[in-house]
Asks: 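Quick one: the structure is below, questions incoming.
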Amino acid sequence: MGVSGSGKTTIGQMLAESLHWEFYDADSFHSLENIEKMRRGIPLDDADRIPWLQSLQTAITNWLQNNRNVVLACSALKASYRQFLLLDTDIKLVYLQGTFELIQTRLQKREHHFMNVELLTSQFASLEEPDDVIRVDISQSPQVIIQVIKTMINV
């Protein structure tokens with residue numbers, strides 16, 4: 001979890017590949033309306049996110065019921081969102097933590113993504129930093145980040 005540009009997709013894909021697990025990006029669960037709002041620089045509100053969270057919860061329930069090992073890249077900025085999604089004690093939450101400046105620089109270099117760099121301020125404003133999670137400093141290399149996560153989740 002983390003704000004846009006924190007590396008959720010990159011790290012999630014690399015972690016899933018290294019573990020031979022499946023990977024999903026929560027962005028793909030957004031409605032076209034939500035994606036268009038974000039593309040135009042309009043922050044999503046809780047009402048926009050409810051159907052998205054419900055879709056994610058359904059997917060997570062399915063993965064758990066079928067004993068599938070999955071890495072899900074998801075912003076999960078608010079505690080209430082995380083509470084809604086953390087359905088089982090087997091779910092491990094990794095917080096990719098970085099400074100506004102570092103993430104803004106990354107977003108400015110990003111191409112072909114619907115997330116508007118101007119929304120970063122609203123993402124940091126919405127972010128409720130989690131407790132009792134695996135915190136990883138994103139200023140490290142992806143390889144170091146992956147190794148830290150694997151060590152912390154004991155795989």
Side-chain angles (χ1 to χ4, degrees), residues 1-32 34-35 38-39 44 49 51-117 119-120 122-124 126-155:
M1 67 142 297
V3 298
S4 183
S6 61
K8 296 181 303 291
T9 301
T10 300
I11 298 301
Q13 287 173 333
M14 290 175 67
L15 178 63
E17 184 178 314
S18 74
L19 296 170
H20 306 289
W21 290 6
E22 298 174 63
F23 173 78
Y24 293 91
D25 193 319
D27 285 347
S28 65
F29 290 78
H30 273 298
S31 68
L32 294 176
N34 281 1
I35 291 171
M38 290 184 280
R39 185 175 283 128
L44 300 180
R49 288 189 178 95
W52 173 69
L53 288 166
Q54 290 170 332
S55 294
L56 288 169
Q57 186 185 65
T58 298
I60 292 167
T61 298
N62 179 298
W63 299 329
L64 289 168
Q65 288 173 345
N66 292 291
N67 294 315
R68 290 168 60 187
N69 292 315
V70 173
V71 174
L72 173 67
C74 180
S75 54
L77 297 178
K78 292 186 177 184
S80 60
Y81 304 165
R82 295 187 294 272
Q83 184 177 7
F84 192 77
L85 298 175
L86 295 175
L87 304 170
D88 189 283
T89 57
D90 287 337
I91 296 174
K92 306 292 186 230
L93 186 65
V94 176
Y95 173 34
L96 299 178
Q97 186 176 27
T99 65
F100 181 90
E101 294 76 18
L102 173 62
I103 295 171
Q104 183 178 39
T105 300
R106 287 181 176 185
L107 284 176
Q108 289 168 340
K109 293 177 183 177
R110 185 188 264 183
E111 295 179 15
H112 311 297
H113 191 275
F114 62 82
M115 184 66 176
N116 186 311
V117 69
L119 290 178
L120 185 59
S122 71
Q123 289 231 319
F124 268 92
S126 296
L127 177 62
E128 296 171 1
E129 291 201 342
D131 297 320
D132 301 326
V133 298
I134 299 166
R135 286 178 183 257
V136 181
D137 177 359
I138 64 166
S139 66
Q140 304 172 87
S141 74
Q143 293 76 16
V144 169
I145 292 171
I146 298 303
Q147 194 53 53
V148 168
I149 295 169
K150 288 172 74 170
T151 300
M152 298 297 288
I153 63 172
N154 297 317
V155 292

Asks: Using the side-chain contact (heavy atoms from CB on, under 4.5 Å) rule, take Ile138 and Arg106 through it: C-alpha gap first, then chi angles, then the decisive distance, then the call.
Replies: CA-CA 11 Å; Ile138 64 166; Arg106 287 181 176 185; 3.4 Å; yes
Asks: Set out, in order, the CA-CA distance, both residues' side-chain angles and the distance that settles side-chain contact (heavy atoms from CB on, under 4.5 Å) for Leu85 and Ile91, then state yes or no.
Replies: CA-CA 9 Å; Leu85 298 175; Ile91 296 174; over 6 Å; no
Asks: What is the distance from atom CZ of Phe29 to atom CD of Gln57, rounded to the nearest 0.5 Å?
Replies: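 Nearest 0.5 Å value for the CZ-CD distance: 12.5 Å.
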Asks: Roughly how far apart are Thr10 OG1 and Asp25 CG, rounded to 0.5 Å?
Replies: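 Interatomic distance, Thr10 OG1 to Asp25 CG, rounded to 0.5 Å: 9.5 Å.
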Asks: Any donor-acceptor pair under 3.5 Å linking the side chain of Lys78 with the backbone of Glu128?
Replies: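 Not a single qualifying donor-acceptor pair exists.
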Asks: Is there side-chain contact between Met152 and Lys92, with at least one heavy-atom pair below 4.5 Å?
Replies: no
Asks: Counting C-beta onward and ignoring hydrogens, is there a side-chain heavy-atom pair between Phe23 and Leu15 closer than 4.5 Å?
Replies: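 No, side chains not in contact.
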Asks: CG/Leu72 to CE/Met1 distance, rounded to the nearest 0.5 angstrom?
Replies: 12.0 Å
Asks: Does the side chain of Lys8 come within less than 4.5 Å of Val94's, by heavy atoms?
Replies: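 They are not in contact (no side-chain heavy atoms under 4.5 Å apart), so the answer is no.
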Asks: State whether the side chain of Asn66 and the backbone N or O of Arg68 hold a donor-acceptor pair below 3.5 Å, judged by distance alone.
Replies: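 Absent.
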Asks: Kindly say whether Leu44 contributes a backbone atom to a donor-acceptor pair with the side chain of Arg49 at under 3.5 angstrom?
Replies: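 Here the side-chain-to-backbone pair exists.
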Asks: Could you measure the distance from the CD1 atom of Ile134 to the CD atom of Gln97? Nearest 0.5 Å is fine.
Replies: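 If we round to the nearest 0.5 Å, Ile134:CD1 and Gln97:CD are 13.5 Å apart.
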Asks: Walk me through whether Leu56 and Tyr81 qualify under side-chain contact (heavy atoms from CB on, under 4.5 Å).
Replies: CA-CA 10 Å; Leu56 288 169; Tyr81 304 165; over 6 Å; no
Asks: Do the ring planes of Trp52 and His30 sit parallel (below 30°), tilted (30 to 60°) or perpendicular (above 60°)?
Replies: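 Because their plane-to-plane angle is under 30°, the rings of Trp52 and His30 count as parallel.
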Asks: List the steps and the verdict of side-chain contact (heavy atoms from CB on, under 4.5 Å) for Val136 and Ile11.
Replies: CA-CA 11 Å; Val136 181; Ile11 298 301; over 6 Å; no
Asks: State, yes or no, whether a side-chain contact exists between Tyr95 and Leu127 at a heavy-atom distance under 4.5 Å.
Replies: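 Heavy-atom side-chain distance check passes, below 4.5 Å.
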Asks: For the CG atom of Asn69 and the NE2 atom of His20, what is their distance to the nearest 0.5 Å?
Replies: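 Here the interatomic distance stands at 12.0 Å.
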